[in-house]
Amino acid sequence: MYRERVSRVPDAVLWWSTSPGTAAAGRRVLPDGCMDVIWADGALLVAGPDTAAHVVTDRPGARYVGLRFGPGTGPAVFGVPARELRDLRVPLDDLWPGAEARRLTERAGEAADAGPALGPALGPVLGAVLEEEAARRLGATRRPVDTALVGCVVEGVRAGRPVARIAADTGIGERRLHRRCLDAFGYGPRTLGRILRMNRAVDLARGGTPPATVAAVAGYADQAHLSREVRSLTGVTLGVLIR
């Protein structure tokens, strides 16, 4: 079971899931340019921005509650450049001062202890604890989100604009733009563009759009180009992803 809703934290999504009660094959978490804080059966983890699909093998019945920060937002919450967490899953207390990490872990644990009584409401209740702390840190951070740069880059790569054009739109050189993107997103604008385009293509395909139309609408040269990019970023074909 997987559920999500728009978070009260700007540019974030709250999600929660419970694994099947029986052993299952590893699930594939696609790269999306985002960073998450995740409560995973009592532990708090941070998932950095992925460059390829991350395969997770869940314990039967495992519970997860996560807060997913949109591209460019996570570094302001976690206090480190996104590049330092690329393709990593690390304990929250590796990033935050010990007292802050312990306090949040204890509060999340108190909410989780009420799990049997809360039932399906556990996700939103525990998620509210994560949201409150994320909002507090965003309000107090010395590394505020550069919303102008993040917005310009995300809009530019989604529109398929050349990096030189995006750099000109942001008013900085291409090399400096690349460095700023590494800090904000974990990778440069070209990689971010590939990942966001692939996610759009997968969403279209899951909605029933034929592959050839997906390729045209999402901005690929042709269906073969779509197939190569999906396999490169996820390790499997588009058909496997949407089964």
Side-chain angles (χ1 to χ4, degrees), residues 1-21 24-115 118 120-138 141 145 185-186 195 199 234:
M1 181 204 76
Y2 175 90
R3 298 287 186 275
E4 66 176 40
R5 67 161 170 79
V6 175
S7 173
R8 292 186 291 271
V9 178
D11 197 27
V13 171
L14 177 66
W15 59 269
W16 58 98
S17 69
T18 302
S19 301
R27 59 186 173 88
R28 200 170 294 270
V29 179
L30 303 187
D32 56 8
C34 299
M35 301 171 69
D36 297 57
V37 58
I38 304 170
W39 179 88
D41 272 345
L44 283 171
L45 308 172
V46 174
D50 291 326
T51 56
H54 179 76
V55 179
V56 179
T57 301
D58 296 320
R59 177 186 63 78
R63 298 176 301 169
Y64 302 93
V65 180
L67 191 57
R68 180 183 306 119
F69 302 100
T73 304
V77 177
F78 301 123
V80 296
R83 70 170 91 196
E84 295 186 13
L85 297 174
R86 184 172 53 229
D87 293 321
L88 295 178
R89 304 294 184 272
V90 301
L92 181 65
D93 57 14
D94 282 0
L95 304 177
W96 287 5
E100 291 187 27
R102 284 193 300 272
R103 182 179 69 246
L104 183 58
T105 301
E106 289 169 1
R107 292 185 61 207
E110 291 169 1
D113 287 343
L118 292 171
L122 173 63
V125 170
L126 201 159
V129 175
L130 302 181
E131 288 179 309
E132 181 181 337
E133 182 62 18
R136 186 191 71 79
R137 289 185 66 87
L138 280 170
T141 184
V145 179
F185 309 114
I195 287 170
N199 275 271
T234 72

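Nearest approach of Pro71 to Cys34, heavy atoms of both residues: CD-SG, 3.9 Å. Of all heavy-atom pairs between Ala53 and Arg28, the closest is CB-CG, 3.4 Å. For Thr51 against Ile195, the heavy-atom pair with the smallest separation is CA-CD1, 4.4 Å. Residues Ser19 and Arg59 share a closest heavy-atom pair of CB-O, 3.6 Å. Ala108 approaches Trp39 most closely through the heavy-atom pair CB-CD1, 3.8 Å. Contact detail for Val77 and Trp96: the closest heavy-atom pair is O-NE1, 3.4 Å.
One distance of note links CZ of Phe185 with CZ of Arg83; it measures 13.0 Å at 0.5 Å rounding. If you take CG on Asp94 and CG on Leu45, they are separated by 10.0 Å, rounding to the nearest 0.5 Å. Here the NE2-OG1 distance, from His54 to Thr234, works out to 14.5 Å after rounding to the nearest 0.5 Å. For the atom pair Met35 CE and Leu88 CG, the distance stands at 9.5 Å (nearest 0.5 Å). A distance of 10.5 Å separates CD of Glu131 from CG of Leu126, quoted to the nearest 0.5 Å. A distance of 9.5 Å separates CZ of Arg3 from OG1 of Thr18, quoted to the nearest 0.5 Å.
Side-chain atoms of Asp93 do not come within 3.5 Å of backbone N or O of Gly98 as any donor-acceptor pair.
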Could you walk me through whether Leu130 and Val9 pass the side chain to side chain contact (heavy atoms under 4.5 Å, CB included) check?
CA-CA 10 Å; Leu130 302 181; Val9 178; over 6 Å; no
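Taking a cutoff of 4.0 Å between a charged side-chain nitrogen and a carboxylate oxygen, Glu106 and Arg103 do not qualify as a salt bridge.
Counting heavy atoms from C-beta on, the side chains of Arg68 and Asp32 come closer than 4.5 Å.
Judged as a salt bridge (charged side-chain N to carboxylate O under 4.0 Å, His left out), and not counting sequence neighbours, the contacts of Glu132 are Arg107. Residues satisfying the salt bridge (charged side-chain N to carboxylate O under 4.0 Å, His left out) criterion with Arg89, sequence neighbours excluded, are Asp50.
Because its NZ or CZ atom is not both nearer than 6.0 Å to the ring centre of Phe69 and within 45° of the ring axis, Arg137 does not count as a cation-pi partner of that residue.
Under the side-chain contact (heavy atoms from CB on, under 4.5 Å) rule, Leu67 has a single partner from Val13, Asp36, Ile38, Val37, which is Val37.
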